[in-house]
Amino acid sequence: MFTEMLFSGLRDRVFSLIGGLKMSAGKKITICVEGNIGSGKTTLLDHFAQFPEVKTISEPVNKWRDAGGHNLLELMYSDPARYSCMFQSYVQLTMMDNHTAPVEKPIKMMERSIHSGRYCFIENLHRGGLMADAEYAVLDQWFQWITANVNVQPDLIVYLRTSPEVALERIRRRSRDEERAIPESYVRALHELHEDWLVRRAQFPVPCQVLVLDADQDLSLLKEEFNVRKQEILCRSEVKSPVKSDRPAAASAAAV
Ligand SMILES: Nc1ncnc2c1ncn2[C@@H]1O[C@H](COP(=O)(O)OP(=O)(O)O)[C@@H](O)[C@H]1O
Ligand SMILES: Nc1nc2c(ncn2[C@H]2C[C@H](O)[C@@H](COP(=O)(O)O)O2)c(=O)[nH]1
C-alpha cells in the first residue's frame, strides 16, 4: 500500500509525459527502463504492471537461466571469456523477441533493450578483454542488421540512474545466486558505460528521448524527483521522434 501511494504520482507523471509524445490515434508507445544492475528496474515495472494502459515486459532472465536446461547467466559469470559471446548472442535474440512482442495495450514498458545490451554490456565485456575482437565484430554485425531491419525503436528511455555503490548494495541485498561474485569493478564499469551512452552522449547513438531519474533516492523521494523533471521533459516532447533510418539516429531531444 505504501509503495502504491508513493508511485501513484509517478504513474500520473509518466502518463502525462507520454501524452506529450503526441500519441496519434492508435499509436503504441514503447518505453525502455534502463539502468545498472540493481538500479530498480524490476521494482518500477512491477508497480506499473497494475495499470490497465500498460503492458510490462521483463528482461528474459528466466530464459537466460534455463536455455534448454543450461544456465547461461551462470556460465557467463563463471567464465566470461569463454561464454560471454554465446550469452550476448542469446541476449540479442531474446531482447529482439521482447521488442517485437505484439502488445494490445497502448503502452509497452520493457525492462532494458537490445540497445543497452550492445552499448553497455557487450562494450564492457570487450573493453575488459573478456570478448575477442572477432566475437565483438560478429555481435555488432548482428546488432546493426537487427536495428536496420527490425523495429526495435523505443519512444522513450527512462534511465534509473544510480551510483555504483547503491547498485552494489542492492545487488548484495537481492543476493541472486549467479551474481554473488560480481566484482565492484564490473558494476562501476557498467555505470560509466550507461553514463557515457545516456548522459554524456560520448559515442553511441541514443534512439529516443531520455528521462533521467535519480534512483539512488529511496522510493519515498523518487516521486518528487520525477515531478520536478516532468515539465523540463514535456517541453521537449514537441520534438518529432528521430526519423527512422537504417540506424537509430541520435535523439533530437537532448538528454535531461
Ligand atoms: N528506490 C529504491 N530504494 C530502495 N531499494 C530499492 C529501490 N529500488 C529497488 N530497490 C531494491 O533493490 C533491489 C534491486 O531492485 P530491482 O528492482 O530488482 O533492480 P533491477 O531490476 O534494476 O536489477 C531489490 O531488493 C529492490 O527491492
Ligand atoms: N552480460 C550481460 N549480462 C546482462 C545483460 N543484461 C542483463 N544482464 C545481467 C545482469 C544481471 O546479472 C541480470 C539481470 O539484470 P538486472 O539488471 O535486471 O538485475 O542479467 C547483458 O546484455 N549482458
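One-based numbering, in listed order, for ligands and for the atoms of each.
Of the protein's non-hydrogen atoms, Q88 OE1, 3.1 Å is the one closest to atom 2 (C) of ligand 2. Atom 21 (C) of ligand 2 has F121 CG, 3.2 Å as its closest protein atom, hydrogens excluded (heavy atom only). Closest to atom 6 (N) of ligand 2, if we only count protein heavy atoms, is E59 OE2, 3.3 Å. If you check which protein heavy atom lies closest to atom 11 (C) of ligand 2, you get E179 OE2, 3.1 Å. The protein heavy atom nearest to atom 10 (C) of ligand 2 is Y77 OH, 3.4 Å. Distance from atom 14 (C) of ligand 2 to its nearest protein heavy atom, with residue and atom name: R176 NH1, 3.2 Å.
Below 4.0 Å from some heavy atom of G117 lie the following atoms of ligand 2, by number and element: 22 (O). Listed by number with element, the atoms of ligand 2 under 4.0 angstrom from any heavy atom of V91 are 22 (O). Atoms of ligand 2 lying under 4.0 Å from any heavy atom of Y186, numbered from 1 in the order shown and given with element: 1 (N). When each atom of ligand 2 is checked for a heavy atom of K41 under 4.0 Å away, the hits are 16 (P), 17 (O), 18 (O). Remark: ligand 1 atoms within the under-4.0 Å shell around heavy atoms of T43 are 9 (C), 15 (O), 16 (P), 17 (O), 26 (C). Atoms of ligand 2 lying under 4.0 Å from any heavy atom of E111, numbered from 1 in the order shown and given with element: 18 (O). Within ligand 2, counting atoms from 1 as listed, the ones closer than 4.0 Å to a heavy atom of R112 are 6 (N), 7 (C), 15 (O), 16 (P), 17 (O), 18 (O).
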Step-by-step side chain to side chain contact (heavy atoms under 4.5 Å, CB included) determination, R172 to R180: CA-CA 7 Å; R172 303 289 179 241; R180 59 186 175 282; over 6 Å; no
Worked check of side chain to side chain contact (heavy atoms under 4.5 Å, CB included) between L44 and E111: CA-CA 9 Å; L44 187 71; E111 184 177 8; over 6 Å; no
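When heavy-atom distances to ligand 1 are checked against a 4.0 Å cut-off, E59 has no atom that comes that close, whether in backbone or side chain. Here L73 has side-chain heavy atoms under 4.0 Å from ligand 2, and that is the only part of it that gets that close. The residue E34 has no part lying near ligand 2, judged by heavy-atom distances below 4.0 Å.
Around atom 3 (N) of ligand 2, the closest heavy atom drawn from Y83, W64, F87 belongs to F87.
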Please output the side-chain donor-acceptor pairs of residues 160-167 that fall under 3.5 Å, not counting sequence neighbours, one pair per line with the distance.
from	atom 1	to	atom 2	distance (Å)
R161	NE	E195	OE1	3.1
R161	NE	E195	OE2	2.9
R161	NH2	E195	OE1	2.6
S163	OG	V166	N	3.3
S163	OG	D216	OD1	3.4
S163	OG	D216	OD2	3.0
E165	OE2	R188	NH1	3.1
E165	OE2	R188	NH2	2.6

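A heavy-atom separation below 4.0 Å is found between R174 and ligand 2. Ligand 2 lies nowhere less than 4.0 angstrom from a heavy atom belonging to E178.
Pairing each heavy atom of I182 with each of Y186, the nearest pair is CG2-CD2, 3.7 Å. Residues T56 and F48 come closest through the heavy atom pair CG2-C, 4.1 Å.
Legend: residues meeting side-chain hydrogen bond (donor to acceptor under 3.5 Å, both in side chains) with Q203, ordered by chain and number and at least two apart, are R127.
With respect to E59 and R112, a salt bridge is recorded, a charged nitrogen being found less than 4.0 Å from a carboxylate O. Salt bridge E178/R65: present, at least one basic N to carboxylate O contact under 4.0 Å.
Residue T42 has no N or O atom closer than 3.5 Å to an N or O atom of ligand 2.
No side-chain heavy atom of Y159 sits under 4.5 Å from any side-chain heavy atom of W197.
Counting only N and O atoms by type, the side chains of W142 and S89 include no donor and acceptor under 3.5 Å apart.
Between F143 and Y119, the ring planes lie perpendicular to each other; the angle is over 60°, past the 30° to 60° tilted range.
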